[in-house]
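Here the structure comes first, spelled out in structure tokens, and everything after it is commentary.
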Amino acid sequence: MGIIVKISGPVVEAEQMRDAKMYDVVRVGEEGLIGEVIRLAGKRVAIQVYEDTAGIKPGEKVENTGAPLSAELGPGLATSIFDGIQRPLPVIKDRVGDIIKRGVFAEALDKKKKWKFVPSVKRGEKVETGDVVGTVQETASTLHKVLVPSGVSGEISEISDGSFTVEEPVFAVKGAGGTKRLPMMQRWEVRRPRPYAQKLQPNRPLVTGQRVIDAFFPVARGGSACIPGPFGSGKTVTQQQLAKWADADVVVYVGCGERGNEMTEVLTTFPELEDPRNKRPLMDRTILIANTSNMPVAAREASIYTGITIAEYYRDMGYAVALMADSTSRWAEALREISGRLEEMPGEEGYPAYLGRRLAEFYERAGSVVTLGKGKKEGSVSVIGAVSPPGGDISEPVSQNTLRVTRAFWGLDASLASRRHFPSINWLTSYSLYKDVLADWYSANVSADFMEMQSKSMLILQQEAELQEIVQLVGPDALPERERAVLDAARMIREDFLQQSAYHEVDTFTSMKKDRMMLKVILTFHDLELKAVESGIPLSKVLSLDVRGRIGRMKEIPEDAAQADITKLLDDTEASFKSLAPEMQAGATEGAR
Amino acid sequence: MSEIEYTSVTRVAGPLLFLEGVNDAGYNDLVEITLPNGETKNGQVLDTSAGLAVVQIFGTTTGLDLPNTRVKFKGETVKLPVSDAMLGRIFNGLGVPRDGGPRIVSSERPDISGGAINPYSRAEPSEFIQSGISSIDLMNTLVRGQKLPIFSGAGLPHNDLVAQIARQAKVLGKEESFAVVFGAMGLTSEEANFFIKDFENTGALERAVLFLNLADEPSMERIITPRMALTTAEYLAFSQDMHVLVILSDMTNYCESLREVSSAREEVPGRRGYPGYMYTDLSSIYERAGRIKGKKGSITQIPILSMPGDDITHPIADLTGYITEGQVVMSRDLHRRGVYPPIDVLPSLSRLMNQGIGKGRTRDDHRGVADQLYAAYAQGKDLRSLSAIVGEAALTETDRVYLKLADKFEKEFVSQGKYEDRTIEDDLRIGWRLLSALPQGDLKRVKKDFIDMYYKPQAASPS
């Protein structure tokens, strides 16, 4: 039992705690607030407290639980909403009302609820860590697999069938050290990555339904991406769009130091939205971790670890998991605040010197892996982290350290946002290092010419940027027709393809197939437009063609009609160019087909 | 709790007192300080360890000495008695009446630091507030329970704008009890009087609670003032079912005080000397807005902050923008050109707009019209700077249309009278009149049906 000797915001120092180990969970003060040991110095121990410390006095007691901060893993995680240390917010509400009060103890999983456990192994079968012993239909869209926990292997000596709580033993394993009776639930230390057999090279994209990402800057399943941007540039909307539409089996959304009303928005909209793949509510596959900006700062630091531990747990079942962290800058600030209270020597801009290491450790928990156990299940965790650089200037430490460890960069641009070009991902500064490894997938699953169309489009946008510099000097009228045709094509790509409304019922999600068709129409139009201009037809005539309005509305064509409607649009585009110039022969269009 | 008075002050630095031999000071507890001349002041424990406490004084340190100053630890955090008798009253920055009326006595004494609303308990803000100002209602819609700051600068008419919003704000088709809570941090007495006068003239004063910390009053009080205002607002909203509009002005002064404390504690500074925890601290103010499921009342916050040097990347504006649900940005350029209210819609934003607009709330073409106006105005403004270099003649025909639209947008849409209360229908009508000057094919943001219904090229106002 320790005694408090100093309190400074979320950091408390205690003495007489000889048995304390780093990252042990402790109970602080008479109310038993939850904290974690973060420094040992002589007989003094520094503790970060996950709850408000107002009113705590020196002399109050500290109790060591002797165990590190762990997550409870088992059926009941899906559709849950937790705080940063995995306390379910609905339970807290029932206990203390609408305002979160401190000293509330709430277990992550419902210990009374019974789940129907269906065994998938027989008595006498040999199992090892990571093997599936049974399944639970957790929600309509999530089949929860019960895994043999770490360090256990041997022969199944007992296996049940029926309804059980998460704590009741459902199977027993007879191993070298005797027989272990095990429940569905297991615990895992949040700061320790869950082990796997082998890390794989990512080879397929996480399809997000967002055109600018899927077509231009893809992120691989098991990859990592960062979205930095100033406030109001649409980080949160982009993150939410990914949480809604990404083709992951399970989505973990960590609201880390962000707005309360935004979490409410997720809570109210997700249950109403349908997963485009199986028509089930999106909430069924979603786990929310909400530690809003005014909730205790130390719990914010813990929230991303809680989130990624849950993500890894589903990965180990063989699922593709996507984790969105919004925003890692708030997490880094929590780190800075705690570090400041510990009076550590600051690194850049007051952040602790270990910021880069901690960020790297976190992003390295992403990956596409072969899981432990027999059967070589393949699972992945893709991590998408939002960064909120002060003033939108990404030369600051959090952005820079994140860029070093993530492979896709979606740079949000305030000037695009202010003209309501959303998603405001700047196509000139953004990049994805996954393009090469994913090229084969695109060729096989979308079309052989997709990568070519993509680079052609990027080239047009690049040319536009160069031409704009000239326009700034001499005005658009001074450009030759051919160059103005390039500007026109760039405008089509920007407005008719890249811009995508999160609030339009059809436009909010686009399949890769439709992405390709849309690009095809725009590029075909551009080819024909160039030919027309070269054969002396004034650009103004091309611009007044009827099909242009229809190209602008391609995004509103529903997925099931897209194939027919856009193919027709392609034909009509060619036909209208023909009518424009009878002398332009069919030969001109062949190349585009 | 012992009522021991300590006389062991060993050091005074800025607004901080260091006491030795103190063992029972609770973190953040309230402290009463008695000066040698008998005057008393309040303070708060900032840091406590066995044998040493650091206390922050609300007020000046004039007259303090080491041997005779007495300090009493009250054993509780700072609390504010609240009741509905506060309506119509004026208090100082610490909640003491400054209108000559009696002190508020109540059995309800919530802690002023408030607690975080459980995100699971929050109700989605979705009720459209019609402020009667076009550039807010149509372009950056405010909804009940939102926190929408005004980013302004010295010399810009933000006070007029806020007073106008307070005067005109209503939820369509509803008669409900509302209240205004006003927290002034470091405002000049002239500015404070402007608000009091305006509230008086419109009869709003009896529905208002004012906490005034004026420019010549102790800066340390400013740390407490917004929390007093919000504690009152929470009581009125969630215990008395009122719809409360909280105006906090000027948040820049609040942050200056925060920096003063931080530097006196010799903390490692973050950007521009502001403390590293300023984001967390500001969020403990701004996040106290919203709605709660099952409760009738709501808190809508309009903080005002003046951006030093009109710099939107200054830490105060920057951190605020990351917490609040959008921002209304005032432009010096528009102000110089005589546009009132000089709201620059391009950097302005309302994040909760989509929940409050559309069919059944405003009108179903609202989103499209707003987006189209945004895009067109942005293009027009780009062309304005281009034509300054190459001349208007070098622009294409369509470009000139956009250029003209940008001018008209500022003159006819943004600009309005200080007492002009426009309905959302008015706003949409003006919006469509401007858009009707554009070629129909350019209206990509608006659904086809609405174009058929409202797009009238011949009605585009003759120039």
Side-chain angles (χ1 to χ4, degrees), chain A residues 5-9 13 53-59 81 89-90 92-93 98-101 231-232 257 259-261 263-265 267-268 290 292-295 297 330 333 336-337 340 346 349-350 388 390-393 414 418-420 471-478 495 503 548-549 552-553, chain B residues 23-29 47-50 76-77 113 115-125 145 267-271 276-277 279-280 283-284 287 290 292 313 315 318 321-323 325-327 346-347 349 352 354-355 367 371 374-375 378-379 386 389-390 394-396 399 441 444:
Chain A
V5 292
K6 180 179 161 70
I7 302 125
S8 175
E13 289 184 18
T53 51
I56 307 257
K57 296 193 191 80
I81 168 165
L89 291 171
I92 295 183
K93 182 191 173 203
D98 298 323
I99 308 288
I100 296 176
K101 297 193 179 64
F231 61 83
R259 306 174 181 90
N261 278 333
M263 293 318 297
T264 312
E265 196 189 328
L267 280 173
T268 42
T292 57
S293 53
N294 56 341
M295 283 158 75
V297 68
R330 304 303 160 223
E333 276 165 17
R336 173 167 73 182
E337 183 169 345
E349 290 193 21
S388 318
D393 171 14
S418 72
R419 62 192 59 210
R420 298 312 187 251
V471 169
Q472 287 299 325
L473 293 175
V474 297
D477 261 5
E495 294 184 359
Y503 304 105
R548 284 185 55 93
R553 296 195 178 273
Chain B
N23 286 313
D24 53 356
Y27 180 68
N28 263 2
D29 272 2
D47 204 309
T48 170
S49 51
E76 61 169 24
T77 48
S113 61
I117 300 177
N118 189 330
Y120 186 75
S121 295
R122 283 181 183 266
E124 194 178 38
E267 291 171 336
V268 179
R271 276 210 303 156
Y277 51 80
Y279 176 84
T280 308
S283 73
S284 72
E287 276 290 328
I292 292 180
T313 65
D318 193 51
Y322 275 122
I323 304 166
E325 284 129 3
Q327 66 277 339
L346 295 184
L349 171 74
L352 300 182
N354 287 302
Q355 276 113 287
R367 178 84 253 170
D371 282 349
Y374 262 114
Q379 198 173 336
L386 179 59
I389 304 169
V390 299
L395 299 179
T396 64
D399 284 351
K444 291 179 187 171

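Quick caveat, the model's predicted, so the values are computed rather than measured. In the text below, chain A, chain B and the rest are named by the order of the sequence lines, each starting its count at 1.
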Inset, instruction - Any chance you could measure B:L346, atom CG, to A:R420, atom CZ, to the nearest 0.5 Å? - result: 7.5 Å
Inset, instruction - Determine whether the side chains of A:R419 and B:Y374 contain a donor N or O and an acceptor N or O closer than 3.5 Å. - result: no
Inset, instruction - Under 4.5 Å, counting heavy-atom pairs only, tell me which of B:I323, B:I389, B:T77 racks up the most with chain A. - result: B:I323
Legend entry - Heavy-atom check, side chain of B:R271 versus side chain of A:P390, under 4.5 Å: yes
Legend entry - Under 4.5 Å from a heavy atom of chain B, the part of A:S8 involved: both
Inset, instruction - Would you mind checking which part of A:E337 comes under 4.5 Å of any heavy atom in chain B, side chain (CB onward), backbone (N, CA, C, O), both or neither? - result: side chain
Legend entry - Contact class of B:I292 relative to chain A, heavy atoms under 4.5 angstrom: side chain
Legend entry - Atom group of B:N23 that falls short of 4.5 Å from chain A, counting heavy atoms: backbone
Legend entry - Pairwise side-chain contact, B:N118 with A:I99, heavy-atom cut-off 4.5 Å (strictly under): no
Inset, instruction - Side chain from CB out, backbone as N, CA, C, O: work out which of these in B:T396 comes under 4.5 Å of a heavy atom of chain A, or both, or neither. - result: both
Inset, instruction - Identify which of B:A394, B:G290, B:P315, B:A375 forms the greatest number of heavy-atom pairs closer than 4.5 Å to chain A. - result: B:A394
Legend entry - N/O donor-acceptor pair under 3.5 Å between B:T48 side chain and B:G26 backbone: no
Inset, instruction - Could you have a look at B:G441, B:G326, B:S284, B:G276 and say which one has the most heavy-atom pairs with chain A under 4.5 angstrom? - result: B:G276
Legend entry - A:V474 versus chain B, the contacting section by heavy-atom distance below 4.5 Å: backbone
Inset, instruction - Report the option among A:T264, A:D98, A:I92 that has the most heavy-atom pairs separated by less than 4.5 Å from atoms of chain B. - result: A:D98
Legend entry - Under 4.5 Å from any heavy atom of chain B - which part of A:I81: side chain
Legend entry - Choice from A:Q472, A:E13, A:R548 maximising heavy atom contacts with chain B below 4.5 Å: A:Q472
Inset, instruction - Could you look at A:P346 and say if it's the side chain, the backbone, both or neither that has a heavy atom under 4.5 Å from chain B? - result: side chain
Legend entry - A:S293 side chain reached by B:T280 side chain, heavy atoms, under 4.5 Å: no
Legend entry - Residue among B:A123, B:A116, B:P119 with most heavy-atom pairs under 4.5 Å to chain A: B:A116
Inset, instruction - Considering only heavy atoms and a distance below 4.5 Å, find which of A:K101, A:M295, A:R553, A:E349 pairs most often with chain B. - result: A:R553
Inset, instruction - Decide side-chain contact (heavy atoms from CB on, under 4.5 Å) for A:K57 and B:Y27; before the verdict, give the C-alpha distance in whole Å, the side-chain angles of both, and the deciding distance to 0.1 Å. - result: CA-CA 6 Å; A:K57 296 193 191 80; B:Y27 180 68; over 6 Å; no
Inset, instruction - Could you list the residues that satisfy salt bridge (Lys or Arg N to Asp or Glu O under 4.0 Å) with B:E287, not counting sequence neighbours? - result: B:R122, B:K147
Inset, instruction - Please flag which part of B:I117 lies under 4.5 Å from any non-hydrogen atom of chain A: side chain, backbone, both or neither. - result: both
Legend entry - Under 4.5 Å from a heavy atom of chain B, the part of A:S388 involved: both
Inset, instruction - May I ask you to name which of B:E267, B:Q327, B:R367 has the most heavy-atom pairs under 4.5 Å with chain A? - result: B:Q327
Inset, instruction - Would you mind telling me which of B:S283, B:A378, B:P347 has the largest number of heavy-atom pairs within less than 4.5 Å of chain A? - result: B:S283
Inset, instruction - Could you tell me whether the side chain of B:L386 reaches within less than 4.5 Å of the side chain of B:L395, counting heavy atoms only? - result: yes
Legend entry - Test item: B:N28 and B:S113 side chains (from C-beta on) under 4.5 Å apart, heavy atoms: no
Inset, instruction - State which residues pass ring-ring contact (aromatic ring centres under 6.0 Å, His included) with B:Y322; sequence neighbours excluded, sorted by chain then number. - result: A:F231
Inset, instruction - Using a cut-off of under 4.5 Å on heavy-atom pairs, state which of A:A414, A:P476, A:G552, A:A478 scores highest against chain B. - result: A:P476
Legend entry - Reported CG-to-CD1 distance for the pair A:L89 and A:I100, which is rounded to 0.5 angstrom: 5.5 Å
Inset, instruction - Could you tell me which portion of A:E495 (side chain, backbone, both or neither) has an atom closer than 4.5 angstrom to a non-hydrogen atom of chain B? - result: side chain
Legend entry - Ion pair check, B:E325 and A:R259, cut-off under 4.0 Å: no
